[in-house]
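One structure is given here, and the rest of the page talks about it.
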Amino acid sequence: MTKRPTLIVLHGANLDLLGERPAGHYGTITLRELEDAVTAEAARNGWDCSCYQTNHEGHFIEYLHQFRHADAILVNPGAWTHYSYAIRDALEIVSAPVAEVHLSDITSREVWRRRSVISEVVSLSISGKGLDGYLEAVRQLVAMRQGEDETHL
Ligand code: DQA
């Protein structure tokens, strides 16, 4: 039997407190509920899922190093999205397809939040769709992997 592919989900700073953050931007979903929904969507597509969250930028980078050859990675780095060139550089090394997802619409918030320094080095970016954006990202990553596998047959 072939091993099921695994989706790695990485959350950055302050996302552990989803559910307590401004509901107008992030809704009321907790990180646990979000991870459970993403895991269920991955399972519907025949994938396993491993979720991590950290408030330490260096740990986030080390997760990216550790999982750089994973089947696919979904990241929401929180505020690091807007200024962390170190995370951008780490993503550049990753061979897995990466989806950048934000619950809120970062393009229509404060000026400093409108820029993502990682968007150029990821395969797809989705923002402003809440949990639905995560589920869409899972489906797109799965489709991307299937496309790649077919070209290597
Ligand atoms: C966020 C948007 C970021 O600007 C913010 O710092 C977050 C969450 C989002 O999911 O909408 O922590 O990435």
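One-based numbering, in listed order, for ligands and for the atoms of each.
Interatomic distance, Leu131 CG to Glu41 CD, rounded to the nearest 0.5 Å: 9.0 Å. How far CG of Leu141 is from CG of Leu74: 6.0 Å, rounded to the nearest 0.5 Å. Atoms CE and CG, on Met144 and Asp71 in that order, are 14.0 Å from each other to the nearest 0.5 Å.
Residue Arg21 touches ligand 1 through its side chain alone, judged by heavy-atom distances below 4.0 Å. Contacts with ligand 1 closer than 4.0 Å are made by side-chain heavy atoms of Arg113 only, the backbone lying farther away. The part of Asn76 lying near ligand 1 is the side chain, judged by heavy-atom distances below 4.0 Å.
Protein heavy atom nearest atom 11 (O) of ligand 1, with residue, atom name and distance: Ser104 OG, 2.6 Å. Among all non-hydrogen protein atoms, the one lying nearest atom 1 (C) of ligand 1 is His102 ND1, 3.8 Å. Shortest contact from atom 9 (C) of ligand 1 to any protein heavy atom: Leu103 N, 3.4 Å. At the shortest separation from atom 4 (O) of ligand 1 among protein heavy atoms lies His82 NE2, 2.6 Å.
Contact analysis puts Ile106 in contact with ligand 1, with a non-hydrogen atom separation below 4.0 angstrom. In this structure, Tyr26 counts as a contact residue of ligand 1, since one of its heavy atoms falls inside 4.0 Å of the ligand. Distances shorter than 4.0 angstrom do not occur between any heavy atom of Asn14 and any atom of ligand 1.
The contact set between ligand 1 and Ala79, taken as ligand atoms under 4.0 Å from a residue heavy atom, comprises 5 (C), 6 (O), 12 (O).
When the shell of 6.0 Å around CD of Glu120 is examined, it contains 12 or fewer heavy atoms from other residues, nucleotides or ligands.
Using a 4.0 Å cut-off between a side-chain N of Lys or Arg and a carboxylate O of Asp or Glu, Asp36 and Arg32 qualify as a salt bridge.
If you run side chain to side chain donor-acceptor pair (under 3.5 Å) between Glu100 and each of Ser116, Ser123, Ser119, Ser127, only Ser116 comes through.
Between His56 and His59, the ring-plane angle classifies as tilted under the 30° and 60° cut-offs. Aromatic ring orientation, His82 versus Trp112: perpendicular (interplanar angle above 60°, classes split at 30° and 60°).
Considering backbone and side-chain atoms alike, Leu15 places every N or O at 3.5 Å or more from each N or O of ligand 1.
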